[in-house]
Amino acid sequence: MPTGLSLKTRLILWSLCFLTLVLGGGGFFWYYTQERQLLERLDAELLSTARDFVCLYNGIAPDASEQQTYCQTLNQLSLRQGGQLAISLYTAEGRHLCSNSHPHIQLLQLADQTQSATLDGRNAYESLQVAGTQLRQLTYPVIRDGKVILQLQLASPLKDLRERLFLFSLLLATVTAMTLVCFIVLQWVLLSKLLNPLKQMAAQINQSNDDEPHRPYLLPQSSPAELHLLAESYNRLTERLNRSVQQARQFSADVTHELRTPLTILRGETELALCKDKDKAELQKVLSNNLEEISRMSHLIEDLLLLSKSELGEVPLRMEALNLGSLLDELFHQAQILGTEKQIQVELQASNAQVSLFADGLRLRQLFLNLLSNAIKYTPEGGRVGISWTHKGGSAQISVEDSGIGIDQAHLEHIFDRFYRIDKTRNRGDGGSGLGLSIAKWIVDAHGGSIQASSIPGQGSKFTVTLPLTHLHSEQQKKESE
Ligand code: ADP
């Protein structure tokens with residue numbers, strides 16, 4: 001059972017956090033901008049009212065007393081505003097002259113700081129919080145002949161502005177919440193659609209049992225590219241797994257078969273020898289036949305052990321510097337002895353080059369002896385087997401060629417497989433188990449080289465081994481560079 005949150009939930013939660021941050025940040029910024037704009041608009045209105053006062057004051061009859069003139073002007077201004085603003089008038093010295101009858105008028109005061117700003121001829125804006133009421137206030141200097149003669153104080157309650165901002169924030173919160181809900185629903189649907197194939201794939205993997213081969217998973221064409229990649233990797237893995245399972249089954253079937261045949265022969269011959277009265281010579285023949293089968297079986301088991309150890313990387317290579325020419329010379333003489341019985345002519349195309357290999361001498365001898373004994377085994381009497389070698393760049397190529405029966409094209413690609421024998425009936429008699437070339441390939445691979453086979457059926461076969469060189473003899477190198 002899966003533990004923790006599902007991928008879908010995680011993705012949704014992460015993107016939800018991100019979106020909430022973005023929308024929240026954006027909302028706060030928008031709210032702040034809106035507040036500033038509303039305040040600026042209010043400030044502009046207060047300023048224009050203050051300027052109206054100056055115009056009105058200039059229009060009052062000059063015969064009225066100064067105090068009266070001021071207060072008349074203030075009342076006219078208040079009437080124009082419909083009593084919305086609290087208005088007070090102070091002398092330049094800060095003495096209160098008059099105020100309108102606004103309910104918040106008691107809250108207004110002329111602070112020292114404000115007064116010093118207006119006396120410098122500057123407008124002083126303030127946001128006040130008095131007795132639980134928020135106000136925006138402008139103290140405006142009325143200047144005549146370059147001198148501040150009055151200080152006009154206008155204050156507007158911020159209730160309307162706050163109400164508008166509250167409505168605005170409510171709208172923002174609603175839009176944000178709706179966006180988040182729509183986003184969650186949309187993402188849930190989309191992710192379900194996207195991740196469904198993954199669930200189906202997991203279900204298919206869980207359904208398959210060990211006895212039947214794993215089926216490849218076919219993804220709907222419309223699925224995203226990443227899932228196609230995953231499905232392809234899964235299918236490739238399945239294919240490899242099926243192949244290994246098949247190989248393992250084939251291998252154990254082959255081993256059983258290969259061991260059962262000689263055991264049946266051994267048992268049959270022994271039973272026969274025990275049933276009948278046999279003379280000493282006959283018994284000796286049976287025993288020598290049995291010995292042959294036993295040695296064939298122990299060869300097979302040794303080869304199998306070597307191959308399985310090599311797969312586990314448990315066969316250490318004893319690397320040493322080898323002279324390729326001398327090694328092939330030695331093998332050439334051995335092949336000559338092997339070929340004598342069938343009067344096979346073994347030839348070595350010697351090269352003058354001194355080529356050194358860094359390799360396991362014992363394994364290389366085993367490799368070339370396998371190739372040479374095969375060449376002799378599959379070449380009719382009086383045939384020819386040739387060994388030749390060259391070196392090019394950083395590698396040496398060694399070929400073992402014969403004029404034997406050859407290998408059909410269809411078999412060529414399988415001959416390095418374990419237990420692969422072209423003519424199974426014929427080969428058993430020759431002592432062949434179909435493991436020789438698998439071992440040869442392992443040795444070449446372990447040395448970082450490659451092996452290739454080519455053949456013309458009826459005319460002969462050629463096995464070419466390519467091995468990396470350690471170094472050429474320095475004189476040879478000099479010659480080559482000249
Ligand atoms: P085996 O022990 O049976 O010879 P190998 O792995 O050495 O097993 O070879 C696998 C098969 O490849 C052989 O059974 C034989 O049919 C074929 N083969 C190998 N070498 C030659 C060759 N030089 N000419 C023809 N056939 C060959």
Side-chain angles (χ1 to χ4, degrees), residues 247 250-251 253-255 257-262 292-308 310-311 328 331-332 334-336 338-339 341-348 363-389 397-446 450-465:
Q247 272 172 1
Q250 185 63 45
F251 182 68
D254 285 340
V255 172
H257 176 79
E258 291 301 322
L259 290 176
R260 198 168 44 202
T261 317
E292 218 173 276
E293 280 305 327
I294 289 168
S295 79
R296 203 174 287 162
M297 267 168 44
S298 49
H299 262 123
L300 176 73
I301 288 165
E302 264 169 36
D303 284 354
L304 275 174
L305 210 66
L306 179 70
L307 275 176
S308 59
S310 73
E311 251 173 25
L328 291 178
L331 286 161
F332 162 64
Q334 287 180 1
Q336 274 183 320
L338 286 174
E341 199 187 322
K342 286 169 84 179
Q343 286 149 23
I344 287 172
Q345 192 191 339
V346 183
E347 291 163 8
L348 170 68
R363 295 287 170 217
L364 281 200
R365 277 181 191 89
Q366 188 181 7
L367 153 72
F368 290 115
L369 266 181
N370 263 342
L371 296 182
L372 286 165
S373 60
N374 272 352
I376 292 164
K377 205 191 310 181
Y378 301 109
T379 299
E381 277 188 22
R384 193 194 67 84
V385 168
I387 309 167
S388 60
W389 65 276
Q397 280 196 340
I398 307 107
S399 300
V400 174
E401 211 172 338
D402 62 62
S403 60
I405 54 171
I407 305 164
D408 210 70
Q409 202 59 32
H411 295 294
L412 264 183
E413 56 184 296
H414 298 292
I415 51 166
F416 295 104
D417 294 351
R418 286 173 185 188
F419 293 114
Y420 195 84
R421 296 195 313 250
I422 295 168
D423 186 344
K424 302 200 181 215
T425 43
R426 187 194 67 202
N427 277 0
R428 248 202 68 74
D430 297 341
S433 59
L435 289 177
L437 286 181
S438 309
I439 293 174
K441 184 161 177 8
W442 163 71
I443 295 172
V444 175
D445 287 347
S450 64
I451 180 165
Q452 260 137 21
S454 59
S455 177
I456 302 172
Q459 289 188 31
S461 313
K462 183 176 179 181
F463 287 83
T464 308
V465 173

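Atoms within a ligand are numbered from 1 in the order they appear, just like the ligands themselves.
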_F463-ligand 1 polar pair, N/O distance under 3.5 Å_ = no
_I'd like to know whether ligand 1 has N370 as a neighbour, heavy-atom separation below 4.0 Å._
no
*Is there a side-chain contact between Y378 and I407, using heavy atoms and a 4.5 Å cut-off?*
no
_side-chain contact (heavy atoms from CB on, under 4.5 Å) against T379, all qualifying residues, sequence neighbours excluded_ = I344, V385, D402, S403
*Side chain, backbone, both or neither: the part of T379 lying under 4.0 Å from ligand 1 by heavy atom*: neither
*Can you measure from CD1 (I415) to NZ (K441) and round to the nearest 0.5 angstrom?*
11.0 Å
*Numbering the atoms of ligand 1 from 1, which are under 4.0 Å from a heavy atom of R421?*
3 (O), 14 (O)
*Region of Y420 engaging ligand 1 - heavy atom pairs below 4.0 Å*: backbone
*Taking the side chain as C-beta and beyond, is there a heavy-atom pair between N370 and L437 under 4.5 Å?*
no
_Evaluate I405 for polar contact with ligand 1, using N/O atom pairs at a separation under 3.5 Å._
no
*At a non-hydrogen distance cut-off of under 4.0 Å, which region of I407 contacts ligand 1 (side chain, backbone, both, or neither)?*
side chain
_Sole candidate of I451, I376, T464 that passes side chain to side chain contact (heavy atoms under 4.5 Å, CB included) when paired with L371_ = I451
*Examine ligand 1 and decide if any of its atoms is less than 4.0 Å from a heavy atom belonging to G404.*
no
*asked:* Side chain, backbone, both or neither: which applies to H411 and ligand 1 if a contact is any heavy-atom pair less than 4.0 Å apart?
replied: neither
*Check each atom of ligand 1 against the heavy atoms of L435 and keep those under 4.0 Å away; list them by number with element.*
6 (O), 8 (O)
*Using distance alone, determine whether K377 and ligand 1 share an N or O pair under 3.5 Å.*
yes
*F463 vs F416 aromatic rings, parallel, tilted or perpendicular, using cut-offs 30° and 60°?*
perpendicular
*If you count the atoms of ligand 1 from 1 in the order shown, which ones are under 4.0 Å from a heavy atom of A375?*
23 (N)
*Any V444 side-chain heavy atom under 4.5 Å of L367 side chain*: yes
*Is any side-chain heavy atom of Q334 less than 4.5 Å from a side-chain heavy atom of L372?*
no
_Rounded to the nearest 0.5 Å, what separates atom OG1 in T261 from atom CG in L300?_
10.0 Å
*Should G406 be counted as touching ligand 1, given the test is an N or O pair under 3.5 Å?*
no
*Numbering the atoms of ligand 1 from 1, which are under 4.0 Å from a heavy atom of G434?*
1 (P), 2 (O), 3 (O), 6 (O), 8 (O)
